[in-house]
Amino acid sequence: MTITSDKPELSSLARQYADEGFVLVKGLLSKDEAAYYRQRSHDLLAQLNRHDDPTWKSAMGLADGATRLQHLHDAQFYDAEFAKLLVDPRFTDVAAAVMGVDNVQLHHTKLFVKPPENGSPFPLHQDHPFFPHTYHRVGAAIFHFDDAPVEKGCVRVIPGSHKDGPREHDPEGSYHLTDVPFDTATPQPAEAGDVLFFTYLTVHGSGVNVSDEARTTWLIQYRDPADPPMVKTHDWSLGQGMMLRGVDPTGRSAV
């Protein structure tokens, strides 16, 4: 479901998110802002000289040949501009509304660049098995810093899949689903400035970037601070527990 508005009605977004497990908010950032963050993303990766490739081993079957991926955890600790975006009310108000809570807490962030021609795909999966929480009030927001048409390997989702709860994943080569065909997922092409919000129970993935341009996104995983994690995992992420909106009523902060 796609919403187009300069200031989307939050209750409408929340209803659609509850029904389908995701919502694409058009133009949350302006084109100029998106271009600015795209440049900073590429400059930051070049400055840090990061050449590690986080492509999942389980993703190899989704491409005919070798693929590549660039990434950076915790960009907000290397560039203050990303820290500003973390607490931008345009983002945090939507995150709070779709979770149905007042308070939004950071879990982690990842900057991704899918290089042109062979940018790595992601097999279908839920985020739940990576960091399960008690009440499932955990979500993600993917900021698109440049256009992401189908040929760039845009995100794909299975609408309504969150309603079935946690699914059994194959842990080999990173958690992925083996019983859901990739081509059954619905592509979510996006433009620079759009932000895709989805629950950590929503089945999603992405294709190979076969275009001649990179695809640049920033992933923010967030949660309700009153939703305790079921296991201690991913706690190496810098800033986990930082409040992005409201307060932490538990006083637990990072866990």
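Position 1 is the first residue of the sequence, and the numbers go up from there.
- Defined by atom type and a distance below 3.5 Å, a donor-acceptor pair is present between the side-chain atoms of Asp43 and Gln39.
- Residues His136 and Thr199 have side chains that never bring a donor and an acceptor to within less than 3.5 angstrom of each other.
- Under the 3.5 Å distance criterion, the side-chain polar atoms of Asp147 are matched with a main-chain donor or acceptor of Ala192.
- Within the 4.5 Å cutoff, no side-chain heavy atoms of Leu29 are placed close to those of Phe91.
- Rounded to the nearest 0.5 Å, atoms OG1 (Thr217) and CG (Leu196) are 10.5 Å apart.
- Each of Arg215, His42, Arg38 was compared with Asp146 under the side-chain hydrogen bond (donor to acceptor under 3.5 Å, both in side chains) criterion, and only Arg38 meets it.
- Judged by distance alone, with hydrogens and angles left aside, the side-chain atoms of Asp227 form a donor-acceptor pair with the main-chain N or O of Tyr135 at under 3.5 Å.
- Taking CG from Asp212 and CD from Glu151, the interatomic distance works out to 9.5 Å, rounded to the nearest 0.5 Å.
- Looking at Phe198 and Asp127, their side chains come closer than 4.5 Å, going by heavy atoms from C-beta outward.
- The shortest distance between side-chain heavy atoms of Gln76 and Asp74 falls below 4.5 Å.
- Put simply, OH on Tyr78 and CZ on Arg40 are 15.5 Å apart, with the number rounded to the nearest 0.5 Å.
- In the hydrophobic clustering of ILVMFWY residues, with side-chain heavy atoms under 4.5 Å counting as a link, Tyr17 and Leu10 come out together.
- Here CZ of Phe22 is found 4.0 Å from CD of Gln188. Values are rounded to the nearest 0.5 Å.
- Contact between Ala96 and Asp102 at its shortest, heavy atoms only, is CB-O, 4.3 Å.
- A pairwise comparison of heavy atoms in Leu45 and His71 identifies CD2-O, 3.7 Å as the closest pair.
- A donor-acceptor pair under 3.5 Å is absent between the side-chain atoms of Lys152 and the main chain of Lys114, judged by distance alone.
- By the rule that hydrophobic residues join a cluster once side-chain heavy atoms approach within less than 4.5 Å of another member, Val87 and Phe197 end up as members of one cluster.
- For the pair Gln221 (side chain) and Gly139 (backbone), a donor-acceptor distance under 3.5 Å is present.
- In this structure, Leu48 is a member of the same hydrophobic cluster as Phe82, with clusters built from ILVMFWY side-chain heavy atoms closer than 4.5 Å.
- Here the closest non-hydrogen pair linking Ser30 and Glu33 is N-OE1, 2.8 Å.
- No side-chain donor-acceptor contact under 3.5 Å links His125 to the backbone of Asp170.
- Here the two rings, on Tyr37 and Trp218, have centers that are 6.0 Å apart or farther.
- Under the 4.0 Å criterion applied to side-chain N and carboxylate O atoms, Arg137 and Asp224 are assigned as salt-bridge partners.
- Side chains of Val138 and Met99 form no contact here, defined as non-hydrogen atoms less than 4.5 Å apart.
- Checking side-chain atoms of Gln126 against main-chain N and O of Arg167 turns up a donor-acceptor pair under 3.5 Å.
- Put simply, OH on Tyr36 and OG on Ser41 are 10.5 Å apart, with the number rounded to the nearest 0.5 Å.
- Under a hydrophobic clustering in which Ile, Leu, Val, Met, Phe, Trp and Tyr are joined whenever their side-chain heavy atoms come within less than 4.5 Å, directly or via other members, Met243 and Leu106 fall into different clusters.
- From Thr109, atom OG1 reaches atom CE of Met242 across 10.5 Å, with rounding to the nearest 0.5 Å.
- When side chains are defined from C-beta on, Phe143 counts as touching Leu28, because their heavy atoms get closer than 4.5 Å.
- Taking the six-membered ring for Trp and the full ring otherwise, the centers of Phe131 and His108 sit less than 6.0 Å from each other.
- Distance alone, capped at 3.5 Å, places no donor-acceptor pair between the Lys26 side chain and the Gly193 backbone.
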- Message: Using side-chain contact (heavy atoms from CB on, under 4.5 Å), reason through Gln16 and Val98 one step at a time and then give a plain yes or no.
- Response: CA-CA 9 Å; Gln16 294 173 53; Val98 296; over 6 Å; no

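- Residues Thr202 and Ile158 share a closest heavy-atom pair of CG2-O, 4.3 Å.
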- Show the numbers, then the answer: is there a side-chain contact (heavy atoms from CB on, under 4.5 Å) between Glu191 and Lys31? CA-CA 9 Å; Glu191 298 177 285; Lys31 300 295 186 186; 3.3 Å; yes

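- The shortest distance between side-chain heavy atoms of Pro129 and Pro166 does not fall below 4.5 Å.
- Side-chain contact between Val150 and Arg156: present, with at least one pair of heavy atoms (C-beta onward) separated by less than 4.5 Å.
- With contacts defined as side-chain heavy-atom distances shorter than 4.5 Å, the pair Leu201/Ser161 does not qualify.
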